[in-house]
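I have a structure I would like to understand better, so I am pasting it below and will then ask my questions one at a time.
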Amino acid sequence: VLVVPYVSEDTSLSDLSGKKVAVYQFDDSILLAAQNPEIVISQYQNMGAILQDLAEGQVDAVLMPIMDAHALVPNLYPNELKIVSKSLSN
């Protein structure tokens with residue numbers, strides 16, 4: 001799923017052209033991001049660091065597994081980050 005700052009108007013990968021998108025290197029998120037060559041991809045090994053950098057404005061969006069997003073975003077960043085897409089992979 002795609003996670004963005006709460007105030008962001010971005011709702012899809014196509015909205016992120018030229019922006020920095022963080023991905024967790026141990027899942028298929030990088031494959032989804034790579035389909036959009038205009039996106040600047042930043043790989044992370046730690047899910048917590050991804051969300052922290054998004055909350056601090058170091059990246060513009062995060063592609064992450066749906067289960068992790070629903071477990072972490074509402075609980076740790078309720079008014080800072082939001083999930084803006086359904087699952088982007090099958």
Side-chain angles (χ1 to χ4, degrees):
V1 295
L2 187 63
V3 180
V4 298
Y6 202 77
V7 297
S8 176
E9 294 181 9
D10 296 324
T11 60
S12 69
L13 288 175
S14 61
D15 294 334
L16 297 165
S17 180
K19 295 183 179 179
K20 192 173 184 179
V21 176
V23 297
Y24 185 54
Q25 72 178 29
F26 300 114
D27 69 21
D28 62 353
S29 297
I30 193 165
L31 300 174
L32 292 169
Q35 294 175 4
N36 296 274
E38 314 83 27
I39 292 175
V40 178
I41 300 171
S42 183
Q43 295 184 45
Y44 284 74
Q45 294 181 355
N46 181 295
M47 196 68 68
I50 290 176
L51 293 175
Q52 185 65 39
D53 280 2
L54 180 59
E56 293 176 356
Q58 301 298 313
V59 295
D60 299 297
V62 170
L63 274 175
M64 62 189 303
I66 191 168
M67 298 281 287
D68 293 323
H70 284 284
L72 298 172
V73 172
N75 294 314
L76 299 176
Y77 301 95
N79 296 312
E80 295 178 71
L81 306 178
K82 62 184 176 181
I83 300 167
V84 294
S85 71
K86 295 182 180 181
S87 180
L88 298 174
S89 62
N90 294 333

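Any value given below was found using the heavy atoms of this structure, including those in side chains, with hydrogens, waters and symmetry copies removed.
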- Donor-acceptor contact present, side-chain N46 to main-chain A49, <3.5 Å: yes

- Query: With sequence neighbours excluded, what pairs up with A34 under the side chain to side chain contact (heavy atoms under 4.5 Å, CB included) test?
  - Reply: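 With sequence neighbours excluded, A34 shows a side chain to side chain contact (heavy atoms under 4.5 Å, CB included) to I41, given in chain and number order.
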
- Within a strict 4.5 Å, meaning less than it, do heavy atoms of the V62 and L2 side chains meet? no

- Quick one: does L81's side chain get under 4.5 Å of V4's, heavy atoms only? no

For residues 65-80, which side-chain N or O atoms pair as donor and acceptor with protein atoms under 3.5 Å away, sequence neighbours left out?
residue, atom, partner, partner atom, Å
N75, ND2, A71, O, 2.6
Y77, OH, Q52, OE1, 3.0

- Query: Is there side-chain contact between K82 and V3, with heavy atoms separated by less than 4.5 Å?
  - Reply: no

- Query: Can you name the residues that form a side chain to side chain donor-acceptor pair (under 3.5 Å) with Q25, not counting sequence neighbours?
  - Reply: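 Per chain and number, Q25 pairs via side chain to side chain donor-acceptor pair (under 3.5 Å) with no residue.
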
- Message: If I take atom CG from residue L54 and atom CE from residue M64, how far apart are they, to the nearest 0.5 angstrom?
- Response: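 Nearest 0.5 Å value for the CG-CE distance: 9.5 Å.
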
- Item | side chain to side chain contact (heavy atoms under 4.5 Å, CB included) involving F26 - partner list, sequence neighbours excluded | Y24, Q45

- Query: At what distance, to the nearest 0.5 angstrom, does CG of L13 lie from CG of N36?
  - Reply: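 Between L13 CG and N36 CG, I get 5.0 Å after rounding to 0.5 Å.
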
- Quick one: which residue pairs count as a salt bridge (charged side-chain N to carboxylate O under 4.0 Å, His left out) with a foot in residues 47-62, not counting sequence neighbours? none

- Message: Listing request: all salt bridge (charged side-chain N to carboxylate O under 4.0 Å, His left out) pairs with a residue in residues 1-23, at least two apart in sequence or in separate chains.
- Response: D10-K19

